[in-house]
Amino acid sequence: MADKLLQVREHLLEKIESGDIRGGDKLPGARELAEQLGVSLALMQTAFISLVRDGVLASFPRKGTFVRVDWNRRILPGSVTAFSPFWLRQVRDFVTPVLPEVRARAAFQAGMFEIRTTFHVQNHRHDYLDLAPLLAEAYPDQRDFFSQPFQPFLDAEQHLFGIPLIFSPRIICYNPKLIAAAGGIEPHTGWTWQEFIDLVKKLRKTLPPERIFNWSCNAGIWLTFVLNAGGCVVERQGGKATVRLDDPRTREGLRRALELCRTLGSPVLSMKRGSYQQEFFSGRNAMVLIPREEVNFDSPLPWKSVPVPLIPGGSGLTTQATDLLCVRRHVGDLELVRRVIRQFLSPELQEHLGQLRYGIPIRKSAAIRSFDGEDHRDLVFLTEMTRLSADFNLDSPELSEMVSTGINQIWEGGDIETVTSELATALRTVFRYQKTS
């Protein structure tokens, strides 16, 4: 009975998610649908009732059953949403066959389980369940897991609001053909910031800005230069948050980012996620700052890779890119959560991620086997994986938006000292009152 009910629910949900049945549409009668699917009327009525209870359908006496206009804002039991189709495929291939009650939901805005990225999780942690005890129950022995990538997602009380599934440093991949055509010198390990800028100037003579480097106002870009310079936005130790946005090293990183922007000679580029990367691996673009999960190792382009150029006096750090499993706070089935954690962190799924070279698997065993010792391009990720930082946790989408809006003023001509001083003062005020409230 349970399996058949799940199948009927899935049939209706697939019709809704695919757009065959749209928000506001009236459904055929339960008897008609039961006959079409070859199931009992009672089973179809039960499916209707369960979807009404979940907020996807609405039933009105003597009028019928309709799809709610806001159906995609509901959170279904066992649902998994993700920021990329890649993870939805992994759910379908590796999770659902083992846990049939867990389903990928591409059209829903949120799920019981969510796969999110670093910035989202850090800024929305209050939406998610503390997974530390459940992870300990699912995997009492965690020696095969890298520990450092977990640190940015632990609060002062060691509550864990996201479990890293993969992580990666950001490095620079480049197209040697385009660099040679511009008369430039290829990047090398240990190259300097000035060498980087000189190369951009060379490329500027033969290529438009949008084909030289994936510069944008995305925080993952400018924060890489800030961390490289030894700065950060907020440094958290224990329960204390220290604002470092107006630190001289943070300002130096922003100056370097601004220098790049001006050298490109273009206003901030607005690029759809993945579009620049796709064009790079097709041979159109010169350089790209990128984590391992976005690299196309099968591209016919003879691309190469190097670490981010070192800013004088800097730390050489880069931003940690992470894909994490999160669980919404209101979840009631904690045993299902444990089973989902076991499956996502299972050796089988982690080995699969390693074979695809999708990021660096959080399991050490899968990670080490994932690197190609004969591919220098891949070994750069291996050498840089210990030079990660995620010191940009503002713990608030509103504060994150405020900082991003302020920093964007710099690219539009704002003064670095003035902007960072104002933002730092605002952050310190907020943190002071948060601490005493």
Side-chain angles (χ1 to χ4, degrees), residues 1-116 325-344 346 348-349 352:
M1 173 68 175
D3 290 343
K4 286 186 176 181
L5 176 60
L6 183 60
Q7 292 173 8
V8 173
R9 275 176 55 96
E10 284 305 307
H11 174 80
L12 294 173
L13 287 168
E14 286 173 7
K15 290 288 187 182
I16 295 170
E17 286 197 81
S18 68
D20 289 346
I21 305 174
R22 294 178 293 183
D25 285 355
K26 180 180 179 180
L27 293 177
R31 187 179 302 278
E32 179 183 343
L33 283 175
E35 291 175 356
Q36 290 178 9
L37 298 180
V39 299
S40 69
L41 174 60
L43 185 63
M44 182 57 69
Q45 289 174 329
T46 302
F48 273 28
I49 292 170
S50 69
L51 290 173
V52 169
R53 182 189 62 232
D54 291 337
V56 175
L57 303 180
S59 183
F60 302 96
R62 294 186 295 277
K63 290 184 178 180
T65 302
F66 297 78
V67 179
R68 292 181 61 112
V69 175
D70 60 350
W71 62 268
N72 63 340
R73 298 180 184 177
R74 304 301 167 179
I75 298 178
L76 298 182
S79 59
V80 183
T81 59
F83 69 92
S84 74
F86 171 85
W87 280 111
L88 296 176
R89 289 195 298 272
Q90 308 318 305
V91 173
R92 296 186 184 107
D93 294 345
F94 286 89
V95 181
T96 299
V98 178
L99 303 171
E101 65 270 48
V102 176
R103 299 276 177 158
R105 299 293 177 200
F108 283 79
Q109 295 180 9
M112 176 177 171
F113 304 98
E114 297 181 0
I115 300 178
R116 299 292 191 179
L325 173 67
C326 307
V327 182
R328 285 278 167 178
R329 279 184 173 274
H330 68 270
V331 65
D333 190 347
L334 295 183
E335 178 53 33
L336 179 59
V337 176
R338 295 184 192 95
R339 293 161 65 199
V340 168
I341 292 173
R342 289 190 195 105
Q343 192 59 22
F344 271 106
S346 66
E348 294 77 15
L349 180 49
H352 174 69

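Just so it is clear, the values below take in all heavy atoms, side chains as well, and ignore hydrogens, waters and symmetry mates. The residues of the chain are indexed from 1 along the displayed sequence.
Note that the CG atom of L5 and the CD1 atom of I49 stand 10.0 Å from one another [nearest 0.5 Å]. A distance of 7.5 Å separates OG in S84 from CZ in R89, rounded to the nearest 0.5 Å. For the atom pair CD of E35 and CE of M44, the computed distance is 10.5 Å after rounding to the nearest 0.5 Å. Atom CZ of residue R116 and atom OG1 of residue T81 lie 5.0 Å apart, to the nearest 0.5 angstrom. Rounding to the nearest 0.5 Å places CG of D70 at 7.5 Å from CG of N72. L37 CG to E32 CD: the interatomic distance, rounded to the nearest 0.5 Å, is 10.5 Å.
When every heavy atom of L76 is checked against every heavy atom of M112, the shortest pair comes out as O-CB, 3.7 Å. The minimum heavy-atom distance between R328 and A110, with the atom names listed, is NH2-CB, 3.9 Å. Pairing each heavy atom of S79 with each of G111, the nearest pair is OG-CA, 3.3 Å. The minimum heavy-atom distance linking A82 with W87 is given by the pair CB-CB, 3.7 Å. Between G55 and R68, the shortest heavy-atom distance links the atoms O-CD, 2.7 Å. Contact between L88 and A106 at its shortest, heavy atoms only, is CD1-CB, 3.6 Å.
The shortest side-chain heavy-atom distance between L51 and W71 does not fall under the 4.5 Å cut-off. Residues L57 and V67 form a side-chain contact, since some pair of their non-hydrogen atoms from C-beta on lies under 4.5 Å apart. No side-chain heavy atom of F113 sits less than 4.5 Å from a side-chain heavy atom of V95. Considering only heavy atoms from C-beta on, H330 comes within 4.5 Å of I75 through its side chain. You'll find the side chain of L33 reaches within 4.5 Å of the side chain of Q36, heavy atoms only. Using a 4.5 Å heavy-atom threshold, the side chains of R105 and L13 count as touching.
Between E348 and R342 no salt bridge is recorded (no basic side-chain N to carboxylate O distance below 4.0 Å).
For residues 11-45, the set of pairs meeting the ring pair (Phe, Tyr, Trp, His ring centres under 6.0 Å) definition, not counting sequence neighbours, is empty.
Open room surrounds CZ on R22; 12 or fewer heavy atoms of other groups in view lie less than 6.0 Å from it.
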Chi angles and distances behind the salt bridge (Lys or Arg N to Asp or Glu O under 4.0 Å) call for E17, R103: CA-CA 13 Å; E17 286 197 81; R103 299 276 177 158; over 6 Å; no
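In this structure, the side chain of K63 does not engage the main chain of K26 through any donor-acceptor pair within 3.5 Å. The backbone N or O of V340 lies less than 3.5 Å from no partner atom in the side chain of Q343, so there is not a single donor-acceptor pair.
Residues satisfying the salt bridge (Lys or Arg N to Asp or Glu O under 4.0 Å) test with E14, not counting sequence neighbours, are none.
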